[in-house]
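Written below as structure tokens is the structure these notes are about.
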Amino acid sequence: MRPQATCRRALCFAGAAGNKERNMPATSMEELVSLCKRRGFIFQGSEIYGGLQGFYDYGPLGVELKNNIKAAWWRANVYERDDMEGLDSSIIMHRLVLRHSGHEATFSDPMVDNKKNNKRYRLDHLVKDQKADVIAKVAAHMGADPENFPALVAALNADPAKASEALRASGVRDAFSGEVGDWTEPKPFNMMFKTTIGPVADEESYGYLRPETAQGIFTNFKNVVDSTSRRLPFGIAQIGKAFRNEITPRNFIFRVRELEQMEIEFFCTPGTDEDWHAHWLEKRLSWWEAQGVPRSKIEILDVPKEDLAHYSKRTYDLMYDYPTLGHEEIEGIANRSDYDLGSHTKSQSELNLVASVTENNDSIAKLTIPHPDTNKPVVPFVIEPSAGVDRALLAVLSEAFTKETLENGNERIVLKFRPHLAPIKVAVIPLARNKPELVELARQIKSDLQQLGLGRILLEDSGNIGKAYRRHDEVGTPYCVTVDFDTIGQNEGENADLKGTVTIRDRDTLQQQRVAISDLSGWLQAKLK
RNA sequence: GCGGGAGUAGCUCAGCUGGUAGAGCACUACCUUGCCAAGGUAGAUGUCGCGCGUUCGAAUCGCGUCUCCCGCUCCA
């Protein structure tokens with residue numbers, strides 16, 4: 001049995017749980033991983049040198065699927081709205097960006113191990129879960145106020161050796177065993193990738209690979225406002241790579257160290273943030289639906305206060321029910337209040353910030369925009385719908401994966417992608433490979449269809465017709481166009497009127513119909529929109 | 001990081017107590033007036049994850065390491 005959902009508190013189930021008729025979903029991750037490798041969707045990173053944990057490469061079909069998902073997102077969130085701008089900011093960022101964003105502090109949580117049972121805990125979580133008298137002892141040992149927990153954590157984090165003594169001297173218990181633990185010295189785990197900039201690696205010449213694309217949006221807030229004359233409310237969208245040094249990358253492309261994000265930072269007037277938060281929740285759910293990830297399989301988690309990230313006022317996590325993983329986060333929609341722009345702006349004290357930010361004497365920009373009512377400068381609130389491309393791809397793949405038993409008893413694997421996401425749109429197949437007339441005409445049709453800009457069109461002239469159909473089922477090609485002897489008018493008599501027509505075979509229904517070559521472009525354009 | 005399992009052809013796997021690697025499918029070429037993994041003929045394919053050790057000899061035994069899966073832990 002697989003582990004059940006890790007959900008803590010479900011706000012609601014969006015939509016009725018209409019269980020769609022399905023022969024069989026992917027039951028194991030291995031099955032998906034195997035298909036992905038066999039057909040060229042996803043490969044292990046650095047594979048020929050033994051692989052590298054938490055890194056994956058997208059193959060010929062994977063890159064198409066990924067590009068299609070990103071294009072669908074961009075279309076829905078940038079082109080089809082009037083209040084959005086796009087951005088593509090750099091991956092390596094100034095260390096001060098990640099310092100003032102709060103990541104430098106919160107991305108390096110010290111961890112301690114209990115040598116008795118080899119359990120590992122975050123130091124602050126471990127101390128927080130102790131009884132009051134134990135916390136008091138720890139605080140006394142550290143010379144900190146037991147009532148001020150953040151200060152206590154700061155003291156513990158600052159001095160690992162002393163923290164270690166405090167844990168031992170205070171009888172800190174292991175939450176799992178309930179016994180007093182034999183604690184190691186806290187070890188920092190840096191979750192951000194650091195890199196040196198320039199040829200000389202010295203103390204100060206380093207930067208970070210961004211752990212989220214969002215920071216590039218915040219640091220360009222003023223540039224975008226100044227260059228586009230945007231007023232509130234408006235948003236900035238960005239798709240790009242982000243890097244997190246996860247302790248335990250797991251579950252194929254679900255938790256990886258190099259990931260791609262599709263992020264929106266939507267800037268609005270303080271006080272309107274809750275309405276916009278609801279707006280984006282709705283928008284995002286309907287987008288997922290359009291990608292073939294139904295609402296009935298997404299649980300909306302209203303993240304409990306104590307689990308919120310350091311920047312968040314309130315967050316909805318969209319928990320998709322992965323057939324292979326149970327409910328896991330596919331997108332987070334956070335209300336980041338004025339935390340980010342407030343953290344990165346100069347003159348913080350003049351701006352009536354709501355969020356508690358740390359002092360910033362480094363920024364040279366005031367990140368304000370005129371209030372729509374008063375025209376006075378204001379730091380806007382931010383709603384952030386942030387989705388992982390890799391997780392989206394895994395969800396789309398999971399939903400599309402179908403194993404069917406045909407009427408003749410044979411089994412087939414089909415990826416029932418929505419047509420706009422399918423890596424290959426159309427396969428053009430000559431019925432026999434050794435008839436140059438068929439192959440030539442198929443090649444010509446392929447070339448003509450390619451000009452339509454629908455995406456990838458493939459000339460499929462290997463194997464036999466049955467194998468070609470099955471192969472394209474397995475990669476989710478919605479339509480196969482077959483050129484046969486009727487097409488080239490080599491069947492005398494009864495089928496003479498079929499000259500100039502081809503068959504189109506539907507991936508899901510297996511039905512075929514004849515369409516004139518002259519009508520083919522229009523027919524496919526209508527279906528693949 | 002801990003515990004358990006696994007890694008052999010593109011895929012799924014067999015390979016006993018050590019004797020130098022196999023099957024099915026897939027693949028490639030040719031043939032087939034052929035429509036749902038069809039039929040015929042021929043063919044290619046492996047550092048047995050990697051390294052070290054034991055041994056006359058290692059896919060097989062031991063140690064280390066990398067990767068994947070499961071369970072903990074972690075996932076700001």
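Only a predicted model underlies this, so the values are computations on that prediction, with no experimental measurement involved. Chain letters run A, B, ... following the sequence lines, proteins first, then strands; residues in each count from 1.
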Distance check needed: B:C70 C1' versus A:Phe254 CZ, whole Å only.
17 Å
Separation between the C1' atoms of B:G15 and B:G19, rounded to whole Å:
14 Å
First locate atom CG of A:Leu341, then atom CZ of A:Phe221, and finally report the distance between them rounded to the nearest 0.5 Å.
5.5 Å
Gap between atoms OH and P, on A:Tyr322 and B:C70 respectively (whole Å):
14 Å
Contact class for A:Glu474 (heavy atom, under 4.0 Å): base, sugar-phosphate, or nothing?
base
Report which part of the nucleic acid A:Leu52 touches: base, sugar-phosphate, or nothing (heavy-atom distance under 4.0 Å, all strands).
sugar-phosphate
Residue of the set A:Glu104, A:Gln215, A:His103 for which side chain to side chain donor-acceptor pair (under 3.5 Å) holds with A:Tyr208:
A:Glu104
Which nucleotide in the list B:C36, B:A38, B:U32 gets nearest to the side chain of A:Asn464?
B:A38
Decide yes or no, distance alone: a donor-acceptor N/O pair under 3.5 angstrom between the base of B:C35 and the side-chain of A:Asp484.
yes
ring-ring contact (aromatic ring centres under 6.0 Å, His included) partner of A:His277, the single match among A:Phe381, A:Tyr316, A:Phe266:
A:Tyr316
Which dot-bracket notation, 5' to 3', represents the base pairing of RNA chain B when pairs are defined as Watson-Crick or G-U with both distances under 3.5 Å, crossing pairs as [ ], and inter-strand pairs as |?
(((((((..((((.....[..)))).(((((.......))))).....(((((..]....))))))))))))....
Closest non-hydrogen atoms of A:Lys313 and A:Lys305, given as atom of the first, atom of the second and distance, are O-NZ, 3.8 Å
A:Arg38 side chain: which of B:C35, B:C27, B:C11 is closest?
B:C11
Expressed in whole Å, how much space separates the C1' atoms belonging to B:C50 and B:U67?
10 Å
Using only modelled atom types and a 3.5 angstrom limit, is any donor from either the side chain of A:Arg505 or the base of B:C35 paired with an acceptor on the other?
no
Taking the side chain of A:Arg250 as heavy atoms from C-beta outward, which of B:U32, B:G71, B:C27 is closest to it?
B:G71
Is it the case that the side chains of A:Gln238 and A:Ser89 hold a donor-acceptor pair, with the cut-off being a distance below 3.5 Å and no angle test?
yes
Of the nucleotides B:C68, B:A76, B:C35, which one has an atom closest to the side chain of A:Gln53?
B:C68
In terms of side-chain heavy atoms of A:Lys37, which of B:A29, B:C11, B:A37 is nearest?
B:C11
Integer-rounded Å distance: B:U73 C1' and A:Glu246 CD:
13 Å
Paired with A:Arg505, the side-chain contact (heavy atoms from CB on, under 4.5 Å) test is passed by just one of A:Thr482, A:Ile429, A:Leu510, namely A:Leu510
Winner on side-chain proximity to A:Asn251, out of B:C69, B:C70, B:C31, is B:C70
B:U17 versus B:G5 - spacing of their C1' atoms, nearest Å:
24 Å
In whole Å, measure the gap between the P atoms of B:C70 and B:G53 for me.
35 Å
Nearest-Å distance once atom P is located in both B:G22 and B:U32
35 Å
Select base, sugar-phosphate, or nothing to describe what A:Glu329 touches, counting heavy atoms under 4.0 Å on all strands.
nothing
What distance, rounded to whole Å, do you find between the two P atoms, one in B:C36 and one in B:A21?
42 Å
What is the distance, to the nearest angstrom, from the CZ atom on A:Arg412 to the P atom on B:A26?
18 Å
B:C68 P sits how many Å from A:Ile253 CD1, rounded?
13 Å
If you measure from the C1' atom in B:C48 to the same atom in B:C2, how many Å do you get, rounded?
29 Å
Do A:Asp340 and A:Ser343 have side-chain N/O donor and acceptor atoms under 3.5 Å apart?
no
Phosphate contact (B:C36 OP1 or OP2) by A:Lys467 side-chain N/O below 4.0 Å
no
Candidates B:C11, B:C68, B:C36 - which lies nearest the side chain of A:Ser34
B:C11
If the P atom of B:G10 is compared with that of B:G64, how far apart are they to the nearest Å?
30 Å
Looking at A:Arg471, does any N or O in its side chain come under 4.0 Å of the phosphate oxygens OP1/OP2 on B:C27?
yes
If I take atom CE in residue A:Met192 and atom P in nucleotide B:C74, what distance separates them, rounded to the nearest angstrom?
21 Å
With A:Lys425, which of A:Ile457, A:Thr477, A:Leu458 fulfils side-chain contact (heavy atoms from CB on, under 4.5 Å)?
A:Ile457
Contact under 4.0 Å: A:Tyr56 side-chain N or O vs B:C68 OP1/OP2:
yes
Contact class for A:Arg39 (heavy atom, under 4.0 Å): base, sugar-phosphate, or nothing?
base
Is the A:Tyr322-A:Tyr320 ring centre distance short of 6.0 angstrom?
yes
Using a heavy-atom cut-off of 4.0 Å across all strands, would you classify A:Gly54 as base, sugar-phosphate, or nothing?
sugar-phosphate
Is atom NZ of A:Lys241 surrounded by more than 12 heavy atoms (other residues, nucleotides or ligands) closer than 6.0 Å?
yes
Check this one for me: any side-chain N or O of A:Arg433 less than 4.0 Å away from OP1 or OP2 of B:C30?
no
Quickly work out the A:Ile413 CD1 to B:C36 C1' distance and round it to whole Å.
15 Å
Specify the residue among A:Phe252 and A:Thr482 whose closest nucleotide of RNA chain B lies further upstream toward the 5′ end.
A:Thr482
Quick one: is A:Asn434 getting a side-chain N or O under 4.0 Å of the B:U32 phosphate, OP1 or OP2?
yes
Contact nearer the 5' end of RNA chain B, comparing A:Asp506 with A:Gln44
A:Asp506
At under 4.0 Å, does any side-chain N or O of A:Arg470 touch on OP1 or OP2 of B:A37?
yes
Report the distance from atom CD of A:Glu31 to atom P of B:C70, rounded to the nearest whole Å.
14 Å
